Amino acid sequence: MEGRVIKVSGPLIVAEGMSDVEMFDVVKVSDKRLIGEVIELRDDKASIQVYEETSGLSVGAVVQSTGSPLSVELGPGLIEGLFDGIQRPLKGLSDACGDRIATGVEVNALDRDKKWTFVPTVKVGDKVVAGDVLGTVDETSIIVHKILVPYGVEGTIKSIVEKGDYTVVDTIAVVETAKGEHPLTMMQKWPVRKARPHKGKLSPFSPMITGQRVIDTLFPIAKGGVAAVPGPFGSGKTVVQHQLAKWADAQIIVYVGCGERGNEMTDVLNEFPELKDPKSGESLMKRTVLIANTSDMPVAAREASIYTGITIAEYFRDMGYTVAIMADSTSRWAEALREMSGRLEEMPGEEGYPAYLASRIAEFYERAGIVNVLGSGDTVGAISAIGAVSPPGGDLSEPVAQGTLRIVKVFWGLSAQLAYKRHFPAIDWLQSYSLYDDKLSTWYDDNVASDFSKCKTELMYILQEESELEEIVRLVGMDALGDKERLILETSRSIREDFLHQNAFDEIDTYTSMTKQYKMMKLILDFYHLANDALQTVELNQILALPVREQIGRAKYIPETELSKLDEIAKAERNEIGALVANGGER
């Protein structure tokens, strides 16, 4: 099937003679064999978004359809991989054409020559269905790659290879199906715009622990949950996502750099191999897949990168893994949609974005979740999706932010004011929220401490009281407040500086376990309660001058292996305030 180009408009071309193609079919354009995808059909004319530079492309160039939609290759070799938005391996491209990517270069996403040690887990005569595990491959030192029966295949194992080394395209098994024999390899393909099937979604029931105190304690995300990180330029969206990618309680990380600056992806590439996975002690890259489509790469491929990332995440979810996907940022992805919509001359919606923007955002986030995966067993897998949103000037009323907030259950609103104060993570505790709170409070009370939810509620109450008291102070001054109100302000300052503020560059403070988070929270609240009672007999200034206050402030720097020191500080609180009261205020 061949057509001819009749119009070229940047990454969008129009070809005629394309009556036999279907929506989202991949095509090859001109003798350069540029990769494109059909995004609109009118009679025998097809509008095609080209994922490569189109300069020099002329009217009359030949367009050939491949007859298949844009798909990703799934199999051993994904982990530790760095791909562009349409899953071309950047190392393979570099080897083929040097530092500057040439147009029309075709490189397989998965290495066809590398051999993997396959260990079969089924035998001849076993009945298998889609999602069953045929065997395993130790892809990295910490990830066991499960080779699954592809979707649509069901039958009896007629033959299967012995344990040994095979490439991803070698036949490892043959299944006798109702339609005949079906050979299977370690690699399968899946169209990126189609969600991978599962048995059914489950309600999230446990948190994804991130080690970030403001997130885990105040605004938690569930495993299989969805969250948005909106904020203005410089407020720390990328820093938050890097921290989550490094420390989140997920077995697989898929990081999608979607339209952000190239130096940010460079930071990821430089940092992740050096970082140690807290559970295994191995390099973090040994459980990470990177999709890089930076701001200087073709804009059309930016739109595809989100789907490439979520499809790879679904593949590992189907193995029963907990996956976290970071999209940085969905605003740049939406801008790619806006540009392509404008070139298609579609009726624009608000601020020039396409009218279907909200539904496209929903399609992405709805592919996250915790599910019963396909297969004979009751395996559960989960995808947690965290998307950064970059509204111009931090304006949350703009269409991308609004479309995202209608879908996600967790809102970590970043504040430029906090960022300017060097308070990181700059998550505004008065604006942010988590709709998983009610479901996860039982888990926290059962697994961390029986009064965890109660303490958290009180913590938020004090922070809200501080906001109201600050209005009074701005109007009439600090002298108008009584000791109890001043104690609330001092306690909230301690919450902000000693608990919510977290140094990502400090070896100890960068990650905090739930046990330590609870004990730190209790230290601050217990001091507040003891001080509040002591105000009946002693002055506030005497209480605030106690040495234990400095110990509370430095509790964040106590290593996880020495948490008993937090209990010693709690004891010191009681002793020092008790002695102050007993002596009538004299120390």
Side-chain angles (χ1 to χ4, degrees), residues 35 51 70-97 99 101 105-118 136-148 166-169 185-190 192 196 241-242 245-246 250-258 260 262 264-275 277 280 282-294 297 301-302 304-319 321 323-328 383:
I35 303 171
Y51 293 128
L70 182 65
S71 302
V72 290
E73 296 180 354
L74 305 170
L78 289 173
I79 301 294
E80 298 188 271
L82 173 62
F83 305 95
D84 73 355
I86 51 176
Q87 210 205 6
R88 296 184 301 176
L90 295 187
K91 186 179 185 305
L93 291 174
S94 175
D95 292 341
C97 54
D99 293 340
I101 299 175
V105 178
E106 296 185 36
V107 182
N108 293 317
L110 299 182
D111 191 337
R112 300 293 196 267
D113 298 323
K114 184 174 181 178
K115 291 193 173 184
W116 302 89
T117 302
F118 174 77
T136 60
V137 169
D138 288 339
E139 185 168 359
T140 69
S141 54
I142 57 177
I143 295 298
V144 175
H145 194 115
K146 301 172 186 176
I147 307 301
L148 307 176
Y166 306 93
T167 68
V168 292
V169 291
T185 66
M186 286 194 280
M187 183 186 78
Q188 55 180 274
K189 292 188 176 183
W190 191 264
V192 298
R196 285 176 65 87
Q241 287 207 315
H242 282 201
K246 293 171 191 174
Q251 294 160 300
I252 305 287
I253 301 295
V254 179
Y255 192 97
V256 183
C258 179
E260 289 299 313
E264 293 183 357
M265 283 307 300
T266 304
D267 286 343
V268 174
L269 286 171
N270 289 335
E271 287 180 19
F272 278 30
E274 302 297 326
L275 290 168
D277 180 49
S280 66
E282 297 282 348
S283 167
L284 195 66
M285 278 301 295
K286 292 192 179 297
R287 60 182 181 92
T288 302
V289 182
L290 296 176
I291 311 291
N293 194 262
T294 55
M297 290 182 175
R302 190 184 304 174
S305 61
I306 288 283
Y307 298 107
T308 298
I310 195 69
T311 305
I312 292 173
E314 287 175 332
Y315 175 63
F316 286 105
R317 175 208 68 190
D318 291 347
M319 298 180 198
Y321 286 121
V323 186
I325 179 170
M326 317 290 167
D328 186 15
I383 298 175

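Please read all numbers here as calculations on a predicted model, not as lab measurements.
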Contact between Met319 and Val144 at the side-chain level, heavy atoms closer than 4.5 Å - yes or no? no

In short, Ile79 meets Ile252 closest at the heavy-atom pair CD1-CD1, 3.9 Å

Can you find a pair of side-chain heavy atoms, one from Asp111 and one from Val168, that are under 4.5 Å apart? no

Scan Val256, Ile291, Val289 and name whichever one has a side chain to side chain contact (heavy atoms under 4.5 Å, CB included) with Thr308. Ile291

Considering all heavy atoms of both residues, which atom of Tyr166 and which atom of Met186 are nearest to each other, and what is their separation? O-CE, 3.3 Å

Close side-chain approach of Leu74 to Gln188, heavy-atom, < 4.5 Å: yes

Checking Lys286 side chain against Ile142 main chain: does a donor-acceptor pair fall under 3.5 Å? no

Could you check if a side-chain atom of Val72 sits within less than 4.5 angstrom of a side-chain atom of Phe83, using non-hydrogen atoms only? no

In terms of heavy-atom contacts, Gly309 and Ile325 come closest through C-CD1, 3.5 Å

Any donor and acceptor pair, going by atom type alone, linking the side chain of Arg112 with main-chain N or O of Leu110 inside 3.5 Å? yes

With Asp318 via side-chain contact (heavy atoms from CB on, under 4.5 Å) - residues at least two apart: Leu148, Arg196, Val373

Counting only N and O atoms by type, is there a donor-acceptor contact under 3.5 Å from the side chain of Glu73 to the main-chain atoms of Asn108? no

Can you confirm whether Ile143 sits close enough to Tyr321 that some side-chain heavy atom of one is under 4.5 Å from a side-chain heavy atom of the other? yes

Once you measure the plane-to-plane angle for Tyr315 and His145, does it fall in the parallel (<30°), tilted (30-60°) or perpendicular (>60°) bin? tilted

